[in-house]
Structure formats: structure tokens, C-alpha cells
Amino acid sequence: KATVSVLYWSPRQMQTPPSSSCSSDLSSESDTPKKLSSLILPTLKVNACQPPPVWEKVEAASGGEGPGPRTKFSSVVYEGKMLVFGGGYVVTFHSDLYEYTFETRQWRCVQADASILPNGPCKRRSHKAVLWKKEMVVFGGRTQYGRKNDVHLLNLETYGWTKRVAREGAAAPVERAAHTACLWGDEMVVFGGDKADESQMFLSDLWCYHCERDEWREVEGKGAVPSGRLGHSCGVRDDTMYLFGGFNGHALNDMYACHLPTGNWRRIMYDCTVRPASFIAMVEEKEQEGPTQDGKPRTKSLMLWGGAYSGIYAFSDTMYRFDCETEDFEIIKTGGNKPTRRLGHTMEACGDKMVVFGGCDEAEYYNDVSVLVLKARTLKEVMAHFILTAGVKYKPGIADQVPHHSTSPVPRAHKHRPPRKAYRPREKLLLPRFPIPSNSPPPLKMPKTPVTPA
């Protein structure tokens, strides 16, 4: 394993300043050298031989009916299929449901308009959906009549909708859009978003919806609670929810962790330089082997791609990986046919692949599918990548020669390669060698004192 250690300066002041001063992080004198070393001189290890993951733009199979260009929709993955619901195009709203099969690369329109179906949700965008057992749970969003706080469940076996009606007097979150939602056990965890009240548009409350009991409960935030925001991203590992970025008047790049059973928040100070981003897609990368929680693979890291980092005309195409063990970011260099920079898209995991769909930039809306392969390469692929990137010239050896007993023809040289010159061995200059007798006198030695001329 070849590694290169790079020493670089990465001041933490590049991140969005926290609410408290940085002096509190260095309050303990015994921990000061350790914290200063991690603050000033972090070490980045780069694998020099492992080839980067490769993007591939997927062409839809013939005969399928795919969705039109859209942004700020919702998607879940169920049994090798990606379900896409809703979204918007310019000023329009959608309530259609499409199904994309990863194996056949084919789209299928399941419901052209769910709003006309019994208990179906109305047309919306900037909503969120999570997968719970065999159902897709949809919450909130923005419609042409305002924001919503309703809950709809879609049975992925029968494709029938169920509308959950809140009990009179029961606790429930306010109407919102551009929030986050993730699944924790049997509960859907919702944080932030925006509401219609311009005096307090950005929300910072945390709610849990129990999908089995149809009950909402608000989690009281403790510690370093994040500021109100929209367009952020989140992921869950065990009992911890990680939250990144968003927008609250400007793009953010802060990272928080919340212990969901207690509601304790803490801010994570990382070493890698990460651009602020809003409406960036995040997906949980699962462990292939190791401990599981509730019979499901444990989250190993969080993958982030896309988003806007400054205004509406600055988009990012950098792939980041957040390690849940070390709680630090790393930049993943990718190759191949990279998708166009965008926001409002979704990214889903399917085995060792990351699938990106939809989104928009300042000039265009997209409905393309791009796949990023993350699997470990074989030794042959690693060495081939190393030879190409290191500029190693190929030199034919014994293995390339055709054996004398072989009947296969000798491969001809390429047309662009000039013919090789005939090999001519150089004539060696042979000097006579005389034997030295054993009884020969010793060699003369020069006098140490200089001899003056007469």
C-alpha cells in the first residue's frame, strides 16, 4: 500500500464561525498541545495507487417512459428500484410517481397524478420522504397554495396512498418546506426548513414522527443547537443524527451532531476545507461487514455532492465523504463523465454505487441519471491506473515474444510506430593482459621532499 503524507495548513476559521468563541475549545491546559496539533498541523493520507471512482452517465433503456426535468423532489430506494415523487419545474408543481429499475435502467410511470387518487398528496415541491418498512412516508413541502405539514404513506407493494390526519389538539410541527427528514428506528426525524412568516422564516426545531403510532413529539434541543436554516442535509448513524450546511441568508458549511434520545447538540470542528453549500445531496454509505442495528447495515460514512455555495450562480461538483468514526471530511477525487453542477437533486445508494438524478442550475433543469462506482478495484486495475498516471513507458519483455512452437502469427507493429533499427553489437576494445611475476620488484615510490633543479 503506497501512501503519501501531505502536510498542509487548514485554519478552522474557514468554517462558519460558531456562536461561542473558539477559546472554549482550548480551556484545558493538559489538552492544549494535543488540540493545537490537530488544529494547526493535520495530516492527510492520499492513496497514490487506488484509482478514483468513475462517473458514468446512464442512458435510459428504450421503451421506458421517464420523468421530465425537475428539482426539489423526493426519492427512496426499495428492492433495487428508485421511487421519485413530485418536484417542480420553473413555477410548476408535480404529483407524479415514477419508478427506476437499476438493473434494466428503465423508467416506468406508476402514477401520472397522485393528487386525483384517493388520499393522494397534492402537487408539491421541497418536501421530504423516507422509507419505513414497505412504505414511503412523505411530509410537508410547498404547494401553489402555501406550505404543508401533512403526512402521506405510500404502500410500495400496492401503490395505494394513506393520509394521516392529526388528532384534534395533538402536537404537530408547523407548515414548512426545504427541511430535512431521516429515519431513526420507527420514527421520522424532521429538522428546520422555512415557513411563510417572514419575520421568523428559518426554523430550528426538531420533531419526531412515530410511523406506527401516528404521533408527533417535539425534541427539546440542548447544547449547541444549530441556527435556523433551509436546504440542509442530514444522515443517521446509530442514535446520532448528523446535519450539514444549508442557507439562512448565506450558505453554511457547519457540521452538527445530535444525540436523538436526549436532544443534545454539539458542533463538529473538522480539519478538511469544505465549501459552504445549500441544497446539497447526502446519502448514507453502509458497512458491508460488521455490526448491524435492528437487522440493518450500520452507517459507515456520509457522501455529499453538488449544491450551491455562493448565491445562485456558483455550484459545486466536489464529492465529500464524512467519516462517522473520525468525524472528519475528505475530498473524493472522481473521474469519468461527471454530471453537470446542480442543486435540488437527489443521490441514492445502491450497493457500491451512488445514483444522482435531476436538479437544476441557473439555466437548465435536468432529468438525467449518473452513477458513481465506489467499489474497490482489483490489483490489475490498480496497477493499470498507476502505469497510466505515473507515465511508465511500456517495454516488451519475454512474455510478449511468441514461442517457437506457437503457430500464431507474430503481431505486427503499429502503423504510427517507426520501424526499429537493426541491432548491432558494439565491438569491444580488447586490451592485452600480461601476467605479473611474483618475484617482481616493488614499484618505485616518489620522494616526499621536492627535488630542486640544478
Side-chain angles (χ1 to χ4, degrees), residues 16 19 70-74 85-88 90-95 115 121-130 137-152 163-182 187-210 214-222 224-234 241 243-252 254 256 258 260 263 265 276-282 307-308 311-312 343-344 346 360:
T16 309
S19 56
R70 64 190 60 205
T71 183
K72 298 177 182 178
F73 50 92
S74 64
F85 171 73
V90 192
V91 295
T92 61
F93 298 85
H94 298 296
S95 63
S115 61
C122 61
K123 299 180 179 181
R124 63 188 66 199
R125 62 198 296 178
S126 298
H127 56 284
K128 292 298 176 184
V130 298
V137 185
V138 179
F139 168 72
R142 181 184 174 189
T143 68
Q144 57 182 343
Y145 305 107
R147 292 160 180 81
K148 292 287 187 178
N149 66 342
D150 50 356
V151 179
H152 292 78
K163 184 177 181 180
R164 296 287 179 87
V165 180
R167 303 181 182 89
E168 185 177 355
V174 298
E175 296 84 357
R176 64 189 66 204
H179 50 280
T180 57
C182 54
E187 292 185 303
M188 176 178 62
V189 183
V190 176
F191 176 84
D194 69 327
K195 61 179 182 178
D197 188 4
E198 297 183 358
S199 61
Q200 191 181 0
M201 183 173 64
F202 303 107
L203 300 171
S204 61
D205 51 349
L206 182 65
W207 290 81
C208 290
Y209 175 76
H210 200 286
D214 187 19
E215 292 179 355
W216 284 100
R217 65 180 181 91
E218 184 176 6
V219 180
E220 182 181 357
K222 304 173 185 177
V225 180
S227 59
R229 61 191 65 197
L230 60 85
H232 46 288
S233 305
C234 72
M241 181 184 72
L243 186 142
F244 174 79
F247 181 84
N248 64 352
H250 60 276
L252 304 170
D254 47 358
Y256 289 88
C258 177
L260 295 175
W265 288 91
S278 59
F279 294 100
I280 183 173
M282 176 187 289
I312 60 174
L343 61 80
T346 61
C360 69

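Computed from a prediction, not measured in an experiment: that's the story for all the values here.
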Between side-chain atoms of residues 121-128 and protein atoms elsewhere (two or more places apart, or another chain), which donor-acceptor pairs fall under 3.5 Å?
unit_1	atom_1	unit_2	atom_2	d
Arg124	NE	Cys122	O	3.2
Arg124	NH1	Gly140	O	2.9
Arg124	NH1	Asp150	OD1	3.0
Arg124	NH2	Asp150	OD2	3.0
Arg125	NH1	Val90	O	2.9
His127	NE2	Ser74	OG	3.0
His127	NE2	Phe85	O	3.3

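The two residues Gly344 and Phe73 come nearest to each other via the heavy atoms O-CE2, 4.0 Å. Between Pro226 and Ser204 the shortest heavy-atom distance is O-CB, 3.6 Å. In terms of heavy-atom proximity, Ala181 sits nearest to Val190 at CB-CG2, 4.3 Å. Closest non-hydrogen pair, Gly228 versus Asn248, comes out as O-CB, 3.2 Å. When all heavy atoms of Pro173 and Asn149 are compared, the closest pair comes out as O-ND2, 2.9 Å.
In terms of the ring-ring contact (aromatic ring centres under 6.0 Å, His included) criterion, residue partners of Tyr209 (sequence neighbours excluded) are, by chain and number, Trp216. Every residue meeting the ring-ring contact (aromatic ring centres under 6.0 Å, His included) condition with His232, not counting sequence neighbours, appears here in chain and number order: Phe191.
One finds the CG atom of Leu260 at 7.0 Å from the SG atom of Cys182 (value rounded to the nearest 0.5 Å). To the nearest 0.5 Å, the span separating SG on Cys258 from NZ on Lys222 amounts to 10.5 Å. To the nearest 0.5 Å, atom CD of residue Glu187 and atom CD of residue Glu215 are 9.5 Å apart. To the nearest 0.5 Å, atom CZ of residue Phe244 and atom OG of residue Ser278 are 10.0 Å apart. Here the straight-line distance linking atom CG of Asp254 with atom CG of Leu243 works out to 7.5 Å at 0.5 Å rounding. Atom CE of residue Met282 and atom SG of residue Cys234 lie 7.0 Å apart, to the nearest 0.5 angstrom.
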#### Entry: Verdict with reasoning, Trp265 to Leu206, per side chain to side chain contact (heavy atoms under 4.5 Å, CB included)
CA-CA 11 Å; Trp265 288 91; Leu206 182 65; 4.2 Å; yes
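A salt bridge is absent between Arg142 and Asp194; no separation between the charged side-chain nitrogens and carboxylate oxygens falls under 4.0 Å. Looking at Asp205 and Lys195, no side-chain N of the basic residue comes within less than 4.0 Å of a carboxylate O on the acidic one, giving no salt bridge.
For the side chain to side chain contact (heavy atoms under 4.5 Å, CB included) with Trp207, the lone residue among His179, Met188, Arg217, Arg176 that qualifies is Arg176.
In this structure, Cys208 and Val189 have side chains that are in contact, with non-hydrogen atoms separated by less than 4.5 Å.
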